[in-house]
**Q** 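Quick one: the structure is below, questions incoming.
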Amino acid sequence: MGGTEISKQFVPLTCHGHSRPVTHLSFSGFVDGEEEYYLISACKDNNPMLRDGVTGDWIGTFFGHKGACYQARLSPDAAIAATGGADFTVKVWDTHSGEAICTLQHNHIVRAIAFPPGQGQLLATGGMEKKLRIFDLSRVAPISPPTSTPDANKPKAGQMNGQNGSTDQAVINSDKGFEIGAGVHQGTIKAVVWTQDPNILVTAADDKAIRWWDLREMSVVQEQTFTGEIGSCEFTNVKPLPNDIGGGYPVLTIAAGKSVYFYGGPDARMLIKKVDLPYDVASVALHPSQRKFVTGGKTDTWAKVYDYDSEQVLDVHKGHHGPIWSISFSPDGKLYATGSEDGTIKMWKNCQGPYGLWKAEHE
């Protein structure tokens, strides 16, 4: 499916609301079938936002952080959100009510958080303490499913807007988390992601190293250092297919220096491909079955779409007014979102025919 034919027919949707740079975007998995999913954004304005993943429509804002928010993620079923920030905390939110379930108090800025695939009871955190911790949320903050309305399984518009989100049910100190690999990281942990193997977790740090951790052994089982600074480190979240680039497994996509890297396999430890580019890469996202990837540069404002096999540019998206720090495809792969220094999120159509708010073939 050619990227040029798809993307040039449609203007992007621009999601306003943030007032400072958008630092991270993350889609949920599918909720209630394969047509509904959600998007959460982290921003230096302190206030993460939840949106409808298909249309970009604002659902609510989580109020409570007292400093920049660096990363935000949703549990696979979108029932729980977690956000980490410059106020030394991770906040865990109920997306149905918008209220904070608990605050995980750290001792320095938190840059990275991650849920394991398929469940939202565990949460990994990392940041400027250089410590990787695992929290069992079912033990530190019991999470009960909402029962108030027939539609209680869906986030509700506006319920996060207001003061509800600033009332925590519990503050949990970081020593309640289980630290993995004390003293190993030599720089700020800026990304944590869980592989399909729940025992293998990946960290990216400012010491220019990616580390694969075996949680059973509590040790590093693989390490890769890069010559350039690591920009983004994320798994693909388009539903894997047996014949796609990952062979049925999510692909670990890394932007580091002037290159992007793709790792595959059950524990994402096998380097599938490295692509060298003529600029410093801030972010990258891959569509495994369409065999193309999108990058954001550290010094420009464009999203560039590449053919995975030929490594040739398929398209250049202009519209942001600052570097693109985060890129993610939706779980159905029919759009991708970009978050920028300019404080906006843009959603770009990536399929044929009408989809979401894109109704006509041409705009």
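Just so you know, these numbers come straight off a predicted model, no measurement behind them.
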**Q** Can you measure from CG (Leu123) to OG (Ser138) and round to the nearest 0.5 angstrom?
**A** 12.0 Å

**Q** Does a side-chain N-to-carboxylate-O contact under 4.0 Å join Glu341 and Arg20?
**A** no

**Q** Around atom OH of Tyr279, are there more than 12 heavy atoms of other residues, nucleotides or ligands at under 6.0 Å?
**A** yes

**Q** Nearest 0.5 Å please: distance from the CG atom of Leu39 over to the CH2 atom of Trp58.
**A** 14.5 Å

**Q** So, Asp332 versus Tyr355: side-chain donor-acceptor pair below 3.5 Å or not?
**A** yes

**Q** Got a sec, which hydrophobics cluster with Ile254, joining ILVMFWY side chains under 4.5 Å apart, including via others?
**A** Val193, Ile200, Val202, Ile210, Trp212, Val221, Phe226, Ile230, Phe235, Leu252, Tyr261, Tyr263, Leu271

**Q** Would a distance-only check, ignoring hydrogens and angles, find a side-chain to backbone donor-acceptor pair under 3.5 Å from Thr195 to Leu201?
**A** no

**Q** Do Leu357 and Leu13 come within less than 4.5 Å of each other through their side chains, counting heavy atoms only?
**A** yes

**Q** How about CZ on Phe115, more than 12 heavy atoms from neighbouring residues, nucleotides or ligands closer than 6.0 Å, or not?
**A** yes

**Q** Among side-chain atoms of Thr103 and Lys91, is any donor-acceptor pair under 3.5 angstrom?
**A** yes

**Q** Between Phe178 and Phe135, does the ring centroid distance fall short of 6.0 Å?
**A** no

**Q** For the residue pair Gly84 and Ile113, what are the closest heavy atoms and their distance?
**A** N-CD1, 3.9 Å

**Q** Might you point out which heavy atoms bring Val192 and Ala124 nearest each other, and give the distance in Å?
**A** CG1-CB, 3.8 Å

**Q** With a 4.0 Å cut-off, would you call Lys334 and Glu35 a salt bridge?
**A** no

**Q** Test of understanding: with salt bridge (charged side-chain N to carboxylate O under 4.0 Å, His left out), list the residues that count as partners of Asp280, not counting sequence neighbours.
**A** Lys258

**Q** Distance alone, cut at 3.5 Å: any donor-acceptor contact between the side chains of Trp348 and Thr338?
**A** yes

**Q** Could you grab the distance from atom CG of Asp307 to atom CG of Leu314, nearest 0.5 Å is fine?
**A** 5.0 Å

**Q** Is it the case that the side chain of Gln186 and the backbone of Val184 share a donor-acceptor pair, with hydrogens and angles ignored and the cut-off at 3.5 Å?
**A** yes

**Q** With a 3.5 Å cut-off and no angle check, do the side chains of Thr344 and His16 form a donor-acceptor pair?
**A** no

**Q** Pairing donors with acceptors under 3.5 angstrom, does anything connect the side chains of Glu129 and Asn107?
**A** yes

**Q** Contact between Val294 and Tyr336 at the side-chain level, heavy atoms closer than 4.5 Å - yes or no?
**A** yes

**Q** Looking at side-chain heavy atoms only, is the closest gap between Lys304 and Asp315 below 4.5 Å?
**A** no

**Q** Whether Glu179 and Arg133 form a salt bridge (side-chain N of Lys/Arg under 4.0 Å from carboxylate O of Asp/Glu) is what I want to check.
**A** no

**Q** When you check the gap from the basic side-chain N to the acidic O, do Asp206 and Lys208 get nearer than 4.0 Å?
**A** no

**Q** For the OG1 atom of Thr236 and the CD1 atom of Ile245, what is their distance to the nearest 0.5 Å?
**A** 9.0 Å

**Q** Quick check for you: to the nearest 0.5 Å, what is the distance between Cys43 atom SG and His18 atom NE2?
**A** 5.0 Å

**Q** Walk me through it: do Ile59 and Arg51 pass the test side-chain contact (heavy atoms from CB on, under 4.5 Å)?
**A** CA-CA 5 Å; Ile59 293 173; Arg51 298 178 184 274; 5.5 Å; no

**Q** Return yes if a side-chain donor-acceptor contact under 3.5 Å exists between Gln290 and Asp244, otherwise no.
**A** no

**Q** Taking the six-membered ring for Trp and the full ring for Phe, Tyr or His, determine whether the centres of Phe262 and Phe293 are under 6.0 Å apart.
**A** yes

**Q** Are the side chain of Ser28 and the backbone N or O of Tyr38 linked by a donor-acceptor pair below 3.5 Å?
**A** yes

**Q** Assess the pair His185 and Trp213: is the distance between their ring centroids shorter than 6.0 Å?
**A** yes

**Q** Do His108 and Phe88 have ring centres separated by under 6.0 Å?
**A** yes

**Q** Going through the checks in order, is the side chain to side chain donor-acceptor pair (under 3.5 Å) test met by Thr125 and His106?
**A** CA-CA 9 Å; Thr125 70; His106 290 62; 2.9 Å; yes

**Q** State whether the number of non-hydrogen atoms from other residues, nucleotides or ligands found under 6.0 Å of Lys239 atom NZ is greater than 12.
**A** no

